[in-house]
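A quick write-up on the structure given underneath.
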Amino acid sequence: MTFDVHIIGGGLAGSEAAWQLARRGAKVRLSEMRGGGDTTPAHQTDGLAELVCSNSFRSDDDEKNAVGLLHHEMRRLGSLVMQAGEVARVPAGSAMAVDRDVFSAEVQKALENHPNVTVVRERVDELPASGLTIVATGPLTAPSLAQSIVKITGEDRLAFFDAIAPIVHRDTINMDICWMAARWDKGGKDYINCPMTKEQYLAFHQGLLDAEKGEFKEWEADTPYFEGCMPIEVMAERGVETLRFGPMKPVGLDNPHWATPEHPNGRWPYAVVQLRQDNKLGTLWNMVGFQTKMKYAEQVRLFRTIPGLENAEFARLGGMHRNTFINSPVLLDRQLRLKGAEHIRFAGQVTGCEGYVESSAVGLMAGMMAAAELAGETWTSPPRTTALGALLAHVTGDAEADSYQPMNINFGLFPPLPDVKKKARKEAYTERAKADFSTWLASLERVPA
């Protein structure tokens, strides 16, 4: 089989890169080890673009939120991930959440049906010595390939722990105690809320501290956590109030079961556990922010002390895996190419971006870069005032290399707007970004239909 670009890894970034190349006429070999006899500690299927943690792409607000702006820019570039996400979408207020099985199936169908893409189920153990290559193996890169990366870069791997939240069967949640609402009534009544009194919260907090946790292997002992995916019990260790200002914050959630003549809409609980719909049927619900490394028996015991979850049945319990990423600000140039081996690009979470959408966005840009190179065109990066440009700049050199850690897209990565009032800052960032993105998009030599 002949191909123009070899993509290693069929996750979100690799799938998006393959799509962007294929729709520009490039022949792609997409290698994915799952389905060929190998798997990872976190994946459960061999589907392309499988979501292994949350089912949320986070905010879809493109006027006030950086990740929503990234959604907007990716849609304008014909993103496969965003197209499949719309097909698989489930209610989540102002956020974008998907049925993970439908989403993966849509991505896989699109790629397998494209005449320019060949999906090969194989494990790749060595970085290719020649030929345009995109490495998009994600944070669960196979050890053999990871060692090949270390060998060619001369830099040791960086790593952090990522934790998976439990999923609950909807019909085992007690709605006489719980209620459905979104915070401040934004969006629809898209979250199931489990209320806690002060006494219940304090007992639950102590239970997290006392619970038996999974043991670390020797090589995992000093690996840091990513702040955006912190295990619930690790957050609890930071102080008794930490969870109430994090995933268990009760603000904006009136509990109608606690209504009184004085407060007919109910009152805010002392703390709240929220669950978000995880599939289109509405039969599975994800415990928001409840990533954990507790042992399975401890999870069942402790999570059933949450009001409304006394009889909860779990479709999946929380888990933990080690994620790896390279020191991209040192190793990659501004076009995601490996310095000293420019035929190799890296994309997705292995570069140190964090989040489904961010990973897909870097894959999208890697695909566009490779397509431009094949066509003999000069690639011009999106302006740093755009979400794509800000993310790319951070990964490829703007971050501090000595303290480089995974990062979600946020307005802190954008060039500042010093003369804008704080209340209007987010709107100003997105307005500037959309204008600059439109100008950049119009300047591209080829924009496929």
Side-chain angles (χ1 to χ4, degrees), residues 54 56-77 79 82 85 92-97 182-188 190-191 226-230 242 244-247 249-253 268 274 276 288-289 328-329 334 351-362 364-365 380-400 403-443:
S54 166
S56 176
F57 291 170
R58 311 196 316 280
S59 175
D60 204 30
D61 180 358
D62 64 359
E63 295 183 355
K64 296 182 181 180
N65 189 283
V67 74
L69 178 62
L70 191 58
H71 291 182
H72 169 80
E73 293 176 6
M74 292 173 66
R75 287 183 175 115
R76 294 192 66 184
L77 290 170
S79 165
M82 298 310 297
S94 59
M96 182 180 185
R183 199 178 306 279
W184 304 112
D185 292 324
K186 289 185 177 180
D190 294 337
Y191 292 82
F226 170 51
E227 289 290 326
C229 207
M230 185 73 61
T242 301
R244 293 186 62 244
F245 289 88
K249 61 184 177 184
V251 297
L253 292 167
W268 293 355
Q274 287 195 305
R276 178 181 57 236
V288 178
S328 294
R334 292 294 186 176
T351 66
C353 67
E354 177 60 27
Y356 294 143
V357 180
E358 290 88 340
S359 176
S360 305
V362 177
L364 183 154
M365 288 186 283
T380 302
S381 297
R384 297 186 184 193
T385 53
T386 66
L388 284 167
L391 182 62
L392 179 63
H394 176 77
V395 168
T396 59
D398 285 9
E400 286 290 336
S403 58
Y404 188 56
Q405 284 288 312
M407 177 69 71
N408 294 116
I409 187 68
N410 62 83
F411 286 125
L413 302 182
F414 290 60
L417 285 166
D419 298 328
V420 176
K421 292 183 179 179
K422 186 175 181 180
K423 287 186 177 181
R425 183 173 59 89
K426 294 178 179 179
E427 292 91 334
Y429 275 122
T430 57
E431 182 179 356
R432 178 184 65 177
K434 288 179 179 180
D436 290 351
F437 185 85
S438 292
T439 300
W440 172 76
L441 188 59
S443 73

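Keep in mind that the numbers below use all heavy atoms, side chains included, and drop hydrogens, waters and symmetry copies. Please read these numbers as outputs of a predicted model, since none were measured by experiment.
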Quiz item: Shortest non-hydrogen contact from A393 to R334?
Solution: O-NH1, 3.1 Å
Practice problem: Output yes when a side-chain donor or acceptor of R183 lies under 3.5 Å from a complementary backbone atom of V251, and no otherwise. | Solution: yes
Quiz item: With a 4.5 Å limit on heavy-atom distance, are the side chains of L77 and F437 in contact?
Solution: yes
Quiz item: Considering only heavy atoms from C-beta outward, does the side chain of V420 approach that of Y429 to under 4.5 Å?
Solution: no
Quiz item: In terms of heavy-atom contacts, does CD of E427 have more than 12 from other residues, nucleotides or ligands at under 6.0 Å?
Solution: yes
Quiz item: In a check of side chain to side chain contact (heavy atoms under 4.5 Å, CB included) between L69 and each of T386, I409, T430, which one passes?
Solution: T430
Quiz item: If we only count heavy atoms from C-beta on, is the R76 to K434 side-chain gap below 4.5 Å?
Solution: no
Quiz item: So Y404 and H394, would you call those rings parallel, tilted or perpendicular, with 30° and 60° as cut-offs?
Solution: tilted
Self-check item: Distance in Å, M365 CE paired with L388 CG, rounded so as to fall on 0.5 Å steps
Solution: 5.0 Å
Quiz item: Taking all atoms of both residues into account, what is the closest heavy-atom pair of G85 and M96, and its distance?
Solution: C-CE, 3.4 Å
Exercise. Identify the two heavy atoms, one from N408 and one from E354, that lie closest to each other, and give their separation to 0.1 Å.
Key: ND2-O, 2.7 Å
Quiz prompt | Heavy-atom pair with the smallest gap, counting every atom of R432 and L417 | solution = NH1-CD2, 3.4 Å
Quiz item: Would a 4.5 Å heavy-atom cut-off, applied to side chains only, mark D190 and Q274 as touching?
Solution: no
Self-check item: Closest approach of A92 to A97 (non-hydrogen atoms, all atoms of both residues)
Solution: CB-CB, 3.6 Å
Quiz item: Would you call D62 and R75 a salt bridge, taking side-chain N to carboxylate O under 4.0 Å as the test?
Solution: no
Quiz item: Under 3.5 Å, is there a donor-acceptor pair between the side chain of E73 and the main chain of A387?
Solution: yes
Practice problem: Indicate yes or no for a side-chain donor-acceptor contact from S328 to the backbone of T351 under 3.5 Å, with no hydrogens or angles considered. | Solution: yes
Quiz prompt | Rounded distance [0.5 Å steps], CZ in R384 versus CG in L392 | solution = 8.5 Å
Quiz item: Which heavy-atom pair separates S56 from A95 by the least distance, and what is that distance?
Solution: OG-CB, 4.4 Å
Self-check item: Residue among V357, T396, L391 satisfying side chain to side chain contact (heavy atoms under 4.5 Å, CB included) with V362
Solution: L391
Practice problem: Using atom types as modelled and distance alone, determine if a side-chain donor or acceptor of Y356 lies under 3.5 Å from a backbone N or O of S54. | Solution: yes
Quiz item: When you measure from the side chain of H71 to the backbone N and O of F57, does any donor-acceptor pair fall under 3.5 Å?
Solution: yes
